[in-house]
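Notes to accompany the following structure.
We use all heavy atoms of the structure for the numbers below, so side chains are in, but hydrogens, waters and symmetry mates are not. Below, chain A is the first sequence line, B the second, and so on; all start at residue 1. Remember, predicted model here, so these are calculated numbers, not experimental data.
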Protein chains: 2
Amino acid sequence: MTARVDMAIPVQERLLAAASRLFAERGFAPTSVQDIVELAGVTKGAMYHYYSSKDDLLQQIYTRLLSVQQERLAEIAEGPLPVAERLREAAADVVVSTLENLDDAMVSFRSIHMLPPDRQAQVRADRRRYHERFRALIEEGQAAGVFRDDLAADLVTHQFFGGVHHLGSWYRVDGALTPQAIGGSFAELLLRSLQPI
Amino acid sequence: MTARVDMAIPVQERLLAAASRLFAERGFAPTSVQDIVELAGVTKGAMYHYYSSKDDLLQQIYTRLLSVQQERLAEIAEGPLPVAERLREAAADVVVSTLENLDDAMVSFRSIHMLPPDRQAQVRADRRRYHERFRALIEEGQAAGVFRDDLAADLVTHQFFGGVHHLGSWYRVDGALTPQAIGGSFAELLLRSLQPI
DNA sequence: GTCACGATACCGACTAGTAGGTATGTCGAC
DNA sequence: GTCGACATACCTACTAGTCGGTATCGTGAC
């Protein structure tokens, strides 16, 4: 089982990648630390050298993804384009970045409740900030009159991110649709649904 | 811990309700059979008398929800209304029925991969049929020219059900929004995004 | 009416195995 | 010689599921 491991990649990264893969495939609880270290081609000693616990691995996965997405959203949201175009770009981008980090994303979306309550709270707070930044774009467009305002921005955001969270349960890497195509379609759906009456 | 249990409700139902609650809250794997029987106010003997395994409980929860939703969708889809109205009703209804069975729904959406592969396949097949029935409504509308047809019906369906699956992570029973209001808004978003250009 | 008797409903102690985590050992670089 | 980077051996807690047993119920004979 330790055969096909690329030993050039640092042990820390191999462990995190292995954990992400297995957590995404089977879920957090049913994946044993033993499974992870075998896939990474090391032993438990190595894992507990770099990470303090199984929970720690989960949190690192979560943090890694969210920091990437938060950065990209901030850059787009603060850009110079009109609000409708910024929202379109932000929507398409979160789809693409989710699909490009699908293991991490699936784990993040499905396994938060496996963290101890305090870690969980922090994670939720981070995600909430992300959600609010996105929602603010919609509200900005509503205030400017370019989006219909008879639908709560919060609800629209939840509905949209639901679609994003759900990507992992149907997207196939070898399928016909590229991440960019899906992102474009999702963004179009969102923009269209916000078009004033 | 066996204090607040309504002993009038049959043991089988109490067990299923307890399992659904706990699986929804903590996930399948981290919930022990002991937790379930304590919440239901019985012992393991009772549980293994009515159910063959922990997996069996999960499958019963799944089946219970899907059969309800499948029936309701079929009734609506075969109704006499114009296709746009049938889609609106179906969309709103799945939101309402999901929120009315939120524990079951969360478990179904999050814990399929905990079932043994053969059970899992059957469950996926059932869900796929549901998905396809819904998608057929969209395709019918596209063929009739009342929906735009430059977006794949499959993609639209996935995006919409993503929003439905995600309901459990933000909906609060004591919140301001009723299930009907949310269903109405979701349906409006969907219909709007399908409006011809 | 009551008694025998078989079935159903349920109890709770037990087991075999697995899990996360730790303690200690090895070894090469500097 | 000591420090980082791992390996190996092991501990303890906990889990799903089993099993022998009991209590209650339904029912038919008399």
Side-chain angles (χ1 to χ4, degrees), chain A residues 1-3 5-23 25-62 107 111 113-120, chain B residues 1-3 5-23 25-62 107 111 113-120:
Chain A
M1 286 302 121
T2 70
V5 181
D6 183 352
M7 293 305 187
I9 300 172
V11 170
Q12 300 182 46
E13 288 177 33
R14 264 152 52 199
L15 281 165
L16 213 55
S20 188
R21 268 270 301 281
L22 294 175
F23 291 167
E25 272 173 25
R26 318 176 189 173
F28 177 77
T31 300
S32 73
V33 172
Q34 195 60 38
D35 293 337
I36 297 169
V37 299
E38 275 172 20
L39 183 58
V42 292
T43 61
K44 282 172 74 169
M47 192 243 132
Y48 280 96
H49 179 71
Y50 290 109
Y51 300 96
S52 64
S53 67
K54 194 184 168 190
D55 285 347
D56 191 23
L57 276 171
L58 183 56
Q59 175 132 8
Q60 299 285 344
I61 290 168
Y62 179 83
V107 174
S111 302
H113 60 293
M114 296 289 141
L115 286 172
D118 51 331
R119 301 267 189 198
Q120 207 174 125
Chain B
M1 288 305 120
T2 71
V5 181
D6 184 352
M7 293 305 187
I9 300 172
V11 170
Q12 301 183 45
E13 289 178 33
R14 262 152 53 200
L15 280 165
L16 212 55
S20 188
R21 268 271 301 280
L22 294 176
F23 291 166
E25 272 174 23
R26 316 176 190 172
F28 177 77
T31 300
S32 72
V33 173
Q34 195 60 39
D35 293 337
I36 296 169
V37 299
E38 275 173 20
L39 183 58
V42 293
T43 63
K44 284 175 75 168
M47 192 245 132
Y48 281 96
H49 178 72
Y50 289 110
Y51 301 95
S52 64
S53 66
K54 195 182 165 190
D55 285 347
D56 191 23
L57 276 171
L58 183 55
Q59 176 132 8
Q60 299 286 344
I61 290 168
Y62 179 83
V107 174
S111 302
H113 58 293
M114 297 289 139
L115 286 172
D118 52 331
R119 301 266 188 201
Q120 209 173 124

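Annotation: the span from L115(B) atom CG to K54(B) atom NZ amounts to 11.5 Å, rounded to 0.5 Å. For the atom pair CZ of F23(A) and CG of D35(A), the computed distance is 9.5 Å after rounding to the nearest 0.5 Å. Between Q34(A) atom CD and K44(A) atom NZ the span is 6.0 Å, to the nearest 0.5 Å. Here the CE atom belonging to M47(A) is positioned 9.5 Å from the CG atom belonging to L16(A), to the nearest 0.5 angstrom. The line from CE of M114(B) to OG1 of T31(B) is 11.0 Å long, rounded to the nearest 0.5 Å. For the atom pair R119(A) CZ and L58(A) CG, the distance stands at 10.5 Å (nearest 0.5 Å).
The CD-P distance, from E38(A) to dA19(C), rounds to 10 Å in whole Å. One interatomic measurement links the two molecules: CG of L58(A) to P of dG20(C), which rounds to 13 Å at whole-angstrom precision. Between the CG atom of L22(A) and the C1' atom of dA19(C) there is a distance of 16 Å, rounded to whole Å. With rounding to whole Å, D35(A) atom CG is found 7 Å from dA19(C) atom P. Distance CD (Q12(A)) to P (dG4(D)): 14 Å, rounded to an integer number of Å. Taking atom CZ of residue R26(A) and atom P of nucleotide dA19(C), one finds them 10 Å apart after rounding to whole Å. A straight line from CG of L57(A) to C1' of dG20(C) spans 12 Å, rounded to a whole angstrom. Counting to the nearest Å, the P atom of dC10(C) and the CD1 atom of I36(B) are 17 Å from each other.
In this view, E13(B) satisfies the side chain to side chain donor-acceptor pair (under 3.5 Å) rule with no residue, not counting sequence neighbours.
Annotation: the terminal axes of the helix from dG1(C)-dC30(D) to dC30(C)-dG1(D) meet at 0°, where each axis is the rotation carrying the C1' atoms of four end pairs onto the next four (5 pairs per end, rounded to 10°).
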Tabulate protein N/O versus nucleotide N/O from nucleotides 16-21 of chain D, keeping only pairs under 3.5 Å, one per line.
residue: dA16(D); atom: OP1; partner: T31(B); partner atom: O; Å: 3.3
residue: dA16(D); atom: OP1; partner: K54(B); partner atom: NZ; Å: 2.8
residue: dA16(D); atom: OP2; partner: V33(B); partner atom: N; Å: 2.9
residue: dA16(D); atom: N7; partner: K44(B); partner atom: NZ; Å: 3.2
residue: dG17(D); atom: OP2; partner: Y48(B); partner atom: OH; Å: 2.8
residue: dG17(D); atom: OP2; partner: K54(B); partner atom: N; Å: 3.1
residue: dG17(D); atom: N7; partner: K44(B); partner atom: NZ; Å: 2.4
residue: dG17(D); atom: O6; partner: K44(B); partner atom: NZ; Å: 2.7

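Residue H49(A) has its side chain nearest to dA5(D) when only dC10(C), dA5(D), dT8(D) are considered.
With Y51(B) contributing its side chain and Q12(B) its backbone, the two residues share a donor-acceptor pair below 3.5 Å.
S53(A) and D56(A) share no donor-acceptor pair across their side chains, judged by distance under 3.5 Å alone.
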